[in-house]
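Here's the structure we're looking at; comments come further down.
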Amino acid sequence: MAARRVVVFPSSAELGPVLAQLVTSRAEKAITGRGRFTLGLSGGSLVSMLSKELLALPDPDCSKWVVGFCDERLVPFDDPESTYGLYKSHLFSKVNIPDSGILTINSSLPVNECAEDYTRKLKEVFPDDDFPVFDLLLLGMGPDGHTCSLFPEHPLLEETEKIVAPISDSPKPPPQRVTMTLPVVNSARCVAFVSTGGSKAPVLKEVLEGREGPAFPAARVVPTNGELFWLVDDPAAASLTIQVERPGSGAKL
Ligand SMILES: O=C1O[C@H](COP(=O)(O)O)[C@@H](O)[C@H](O)[C@H]1O
């Protein structure tokens, strides 16, 4: 397990370019070493920040990217809750990721079959891995400590065999979703959380500094062999007492 790095920026305006730099540096390393870059995306507030920052790069080349979703809501792609739908309009329609490199769910299937179908798609892309080993997973964290669609005290947190799990009782709407499981998340070569805003401050403190009672889902993300970054802004970091990194502008991760 590599050391966890908690990196704090004055605001999301300073955080965004470093996030884009992290993505492009891990992409370059993966493409040089293995010929492709496998990236897992989360939804929520990450969509607009990541899209904006990647599109601000001069001429981003995403032709060797393979993109999956850390979790996805079971709604049609034109529903405003669809993570794929949002990335399609904000990012995918504007960069050269091949259509075959975007691993979408089949949102017309019932939730259990949808999870099985998405599992099949991931296994095709990672035929040699028991659990897919993504080059980079970008995660968010809700104010309740959830990440992906893994919610506090939910039985899915104990899943040890499935790659993708269905969930029908998500406390955050929409209720039906599919999600990567913790064994997949913890198999990644690099995991980066992006957490901004004062609403995340109390839970961020408990996730990073510990709490009484069961660990929050986000605290259970500890990659076995991979890097772990927490990229946060000052409002989210307001309650932290641990030592953090505060890089200057133009920082590289
Ligand atoms: O529902 C979800 O929420 C989390 C956190 O979202 P945020 O807007 O608080 O950043 C997100 O990471 C996940 O992909 C999404 O389905």
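One-based numbering, in listed order, for ligands and for the atoms of each. For the single chain, residues carry numbers from 1 onward in sequence order.
With values rounded to the nearest 0.5 angstrom, Leu156 atom CG is found 6.5 Å from Leu150 atom CG. How far CD of Glu159 is from OG1 of Thr179: 11.0 Å, rounded to the nearest 0.5 Å.
The Gly140 neighbourhood of ligand 1 comprises atoms 12 (O), with distances under 4.0 Å to a heavy atom of that residue. Every atom of ligand 1 with a heavy atom of Gly44 under 4.0 Å away is listed here by number and element: 6 (O), 8 (O). For ligand 1, the atoms lying closer than 4.0 Å to a non-hydrogen atom of Ser42 are 12 (O), 14 (O).
Between Thr83 and ligand 1, no N or O atom pair is found at a separation short of 3.5 Å. The shortest N or O to N or O distance between Ser45 and ligand 1 is below 3.5 Å. Residue Cys148 has no N or O atom closer than 3.5 Å to an N or O atom of ligand 1.
No close placement of the Phe69 and Tyr118 rings is indicated, their centers lying 6.0 Å or farther apart.
At the shortest separation from atom 16 (O) of ligand 1 among protein heavy atoms lies Asp71 OD2, 2.6 Å. Regarding atom 15 (C) of ligand 1, its nearest protein heavy-atom neighbour is Arg73 NH2, 3.4 Å. With respect to atom 11 (C) of ligand 1, the closest heavy atom belonging to the protein is Gly43 O, 3.9 Å. Looking at atom 9 (O) of ligand 1, its nearest protein heavy atom turns out to be Lys200 NZ, 2.9 Å.
Residues forming a side chain to side chain donor-acceptor pair (under 3.5 Å) with Ser108 (at least two apart in sequence, or on another chain): Asn106.
The residue from His146, Arg177, Glu72, Lys172 that puts a heavy atom closest to atom 6 (O) of ligand 1 is Lys172.
Under the 4.5 Å side-chain criterion, counting only non-hydrogen atoms from C-beta, Gln176 is not in contact with Ile167.
Salt bridge present: Asp135 and Arg34 bring a charged side-chain N and a carboxylate O closer than 4.0 Å.
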**OP:** Would you check, one step at a time, whether the test salt bridge (Lys or Arg N to Asp or Glu O under 4.0 Å) holds for Arg177 with Glu72?
**Re:** CA-CA 6 Å; Arg177 296 154 170 249; Glu72 177 59 289; over 6 Å; no
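There is a path of hydrophobic side-chain contacts, each under 4.5 Å, that joins Val244 to Met141.
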